[in-house]
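To keep things clear, I will list the structure first and then write my remarks on it.
This is a predicted model, so every value here is computed, not measured. Sequence lines set the chain letters: A, B, ... in the order given, protein chains first and strands last, and positions in each chain run from 1.
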Amino acid sequence: MPRLTPADATLILDHALGDPSVPAAAAHALLAALPFPSDPTPRLRRAVLLRRLAADPVSASALDTLHLLASLPASPSPSPSPIAAAHIAVAGFLAASAPDFDAAAAALFARPDGRVRRAVDEGGSRALASDDAVATVEQFEAAVGNSFSQVVLRGLWGDRDAAEERVRELLAAEWAGMGPSLLEVAAERIVGDVAVGTWRDADEATRAKFRVLAGEEKTREILVKLEESTSRVNPISTPEVSKVVDALKTSCAELHSVVEDPLPAAKAAADKVLATRINRTVNLNAEGGQPAACGTAGPSVLNERNNGPNKGAPPSLMDWNPTARTFQWEESPDPEGSEPALRRPHLPSPRRIPVSPLPAAENKNKRRRARKWCLLEEETLRKGVELYGSGNWKDILSNNPDVFIGRTPVDLKDKWRNMMRGIVRPPTTEKAADILLEALFSACQNLADEASSLPNEQKEFKLYRQHVDNLHQLAGDYDSVIICLGAKACSLPELANKLPLRTCRGVIAEFQLPSDTVEEYGNQSPSILSDAWMAFQGPRTVSIGSTWQWKSENYSSTVSDEEALTAKDELLPKASGVYPGISKWDFVHARAGIRAMPPLTTNGSLPLLGCLDEMVGKKSNCKFWLVGGLGARGLLYHGLVGKLTAKAAICCDENVIPSEFTCWKGIKPSQ
DNA sequence: TTAGGGTTAGCA
DNA sequence: TGCTAACCCTAA
C-alpha cells in the first residue's frame, strides 16, 4: 500500500472537489481527511470557493468569496458576466437589507474605500466591473443620507431570493466551465483519443502500468491501433528515422522513470479515503492489496461486461456514482460503431459539454418587472427635458442618478412619450401670448355665437392683429376702444405722462423641494399671502413673490443671475416668517414682469377706469376707455372692471362706473 | 444613443 | 376585453 503523499492529496482534492456531482458532505469529509496542499491547483482553488459560495450564497462572507473568485484567472465571460451580476446583487442586498442603511451603504459603496466600489472601480477587478455594477455603486453612494433613494433601492435590491438567484446562476456557469481534473487529463492520455501516442512513447514497464489501469480489453484495443498506426504512419523506414524514433522512445522512458505517473497512486489513495470515510461498511482488507483490488480503472459498474457489481471491491472514484449527473459528459465517439457502447469498457472522455446556467432563450426573453414611475421621477424628467431638451435622455439620466434608479435612457424616452400622449405641450414664452390671445378670442367668439342664437340678436366677432402707433389710427373704424395695456398704456403718445401710474418691476422666484426630501407640501395646504406671497403649484413647487423695483423701465421677463440672487435674498426671509419650512426648498429660477401701480387713495390702490375722451381729444365719434392700474391684482379685479367698462361703453355713460374707480382723473400724474 | 413600432402585464 | 403604462426590439 503506497503511502499517501501531498501530491496524491492534491490530485484527489482536485478531482473530487471540482466535480459538482460530489456531494458537499463527501467534499467536507475529503477536506477533513486530507492535508490541504500548500499550492493548490487553480481548479481546486475555484472548486473550494464555489462550494463555499454554494453553502453561503448571500452574506458578507459571500462577498469575500466572490472577491476571491474574481481574482482567479478566468476565461472571457458573456456581458454582463455572471460574477459581476452576482457580486452587485449580493452587495446591493447587504446594503438594502441592513438596519442602518447609511452605514452599510457607506462601507460598501462610498468613495474611496467602499469595499464594493474598490472592486468595481478602475483598478479593481475586471471580472466584477460592469456598467450596471458601476451605476449601482453610484446609486447606493448617492443614497447615503437620502431617504427617498433608500426606499427605492430597498425595493430594487432588498430581495434576498433575487440575490441568491444571481449567485446560483454564477455557480451554474462556473461549474459548467470547470476544466478537467488532473486525473481526468491523465486518464485521457492513457485511454482517450491520444492513447495511441502515449502508449507508443511508453517503455514496457510503463505500458504494464497502463495495462492495469486500462483493463485488458482496452489495452488490446489500443495495442491494435498502435500496431496499425505504426505500419501506416511510418512507411518510410530509413536508418535515420529509426534512430530518431529510438532516441525519442529512450527519452520518454527516461522521463517516465523519473516522473512517476500519478494516476495509479492517486486512484488507490482516493479509493482508500472514500472507502474509509464514506462507505465504512466495506472491508478494505478483505481483498488484499488495494491497487490490484481496484481492478481496472475504467469500467464502471454499469459498463461491466457481466453487468454485476464489483462485489467485495471498494468503490472507486471512477465508479458510477448514483447521484452523479452524467449529462455533463460527452461520450467518446465510437468510430467503428461495431460494438454497443454499453458493452465496451472505456473511460469517459473528460471533455465537457458547456452547460448554460439558463437556456439562452430564457435569458433573452427575460423581461423586467414593470415598475410604476413615482411623482418625483416624473417631475425630475420634466425638469430634465426643460434643462437638457427632449431627446437627451442619457444626459437627463446621468445627471439624476439618485432619482432614476434602475431606469435606462430608453425608459426615460418611453416615459416622456407617455407623459406627452394626449397632452398639449406648454407653449414657449414667445408663443404663450399668441395662444392666450387666441384663447381669449375663442371665448369671445363663443359668447357671440350664444348671443346670436337668441331672437333678434346678431353678433359678429372678429380678431384683428394690427400694430398701431397712436389711438387715432383706430378712431375712424370703431365706436368704442377699450385700452387694456397694463404698464404699457403710457407708451401711447396720447396717454404719455397723463396717467397716474407708476411702473414697478417685480421678480418672482420659483423653489422646489430637493429630490431627496420625502416630505411634501400638503395637497390641502393653502397658498399664503403675506409680506411675500407663496403660490404652491403642486406639492413640490412654489412661486414666491414679489420684489418691488419702482419706476423700473426694464420690461424683460428674463432675470440675470445677480438680480435673481438679490430677489432670493429679499424674498426668503419674508417667506420663512410664515413658512419656516421654505429653508428646505431649493431655488430653481426667477422670472420678472412690470406691473402698473395706481396711486394710493383713501380707498386703497384701486384700478383706473373711465372715459379718456378729454385726455385723447375728441376728433371723431369714437370713445376711448381705459382699464389699467390693476397692479398685481388683475385676477382679483378683472371680472368687475370688465363688466363695468363694458356697460359704460355700451351706454356711452361713464357714470355707470363707481366714482372710486374714476376719481384718479383728479390726480396729477407724478413725473 | 435615440426614435419609433411592437409586446406584455396589470387593471377596470 | 380593451386600454394604458412599462418595457422590448431594431434600424439608423
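- Residue A:R368 places at least one side-chain N or O under 4.0 Å from the OP1 or OP2 atom of C:dC8.
- Atom CZ of A:R407 and atom C1' of B:dT2 are 19 Å apart (whole Å).
- The CG-C1' distance, from A:D411 to B:dA3, rounds to 15 Å in whole Å.
- A salt bridge does not link A:K568 with A:E510: every distance from a Lys NZ or Arg NE/NH1/NH2 to an Asp or Glu carboxylate oxygen is 4.0 Å or more.
- Taking atom CG on A:L412 and atom C1' on C:dA5, their separation rounds to 15 Å, with Å as the unit.
- Put simply, CD on A:E378 is 14 Å from C1' on C:dT4, counting in whole angstrom units.
- Atom CZ of A:R382 sits in a crowded spot, with more than 12 heavy atoms from other residues, nucleotides or ligands closer than 6.0 Å.
- In this structure, A:Y579 and A:I528 have side chains that are in contact, with non-hydrogen atoms separated by less than 4.5 Å.
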Reading 5' to 3' through nucleotides 4-12 of chain B, protein heavy-atom contacts under 4.0 Å coded B for base, S for sugar-phosphate only, - for none: BBBBB----
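- Here A:N418 reaches the OP1 or OP2 of C:dA6: one of its side-chain N or O atoms lies under 4.0 Å away.
- Qualifying side chain to side chain contact (heavy atoms under 4.5 Å, CB included) partners for A:S97, counting only residues two or more places apart in sequence or in other chains: A:F93.
- For A:K415, a side-chain nitrogen or oxygen approaches OP1 or OP2 of C:dA6 to under 4.0 Å.
- Rounded to whole angstrom, the span from the CE atom of A:M420 across to the P atom of C:dT4 amounts to 16 Å.
- In this structure a side-chain-to-backbone donor-acceptor pair under 3.5 Å is present from A:S527 to A:F536.
- Contact check, A:W416 against B:dA3: no side-chain N or O comes under 4.0 Å of OP1 or OP2.
- Rounded to whole Å, atom P of C:dC7 lies 15 Å from atom CH2 of A:W393.
- Looking at A:R505 and A:E563, a side-chain N of the basic residue comes within less than 4.0 Å of a carboxylate O on the acidic one, giving a salt bridge.
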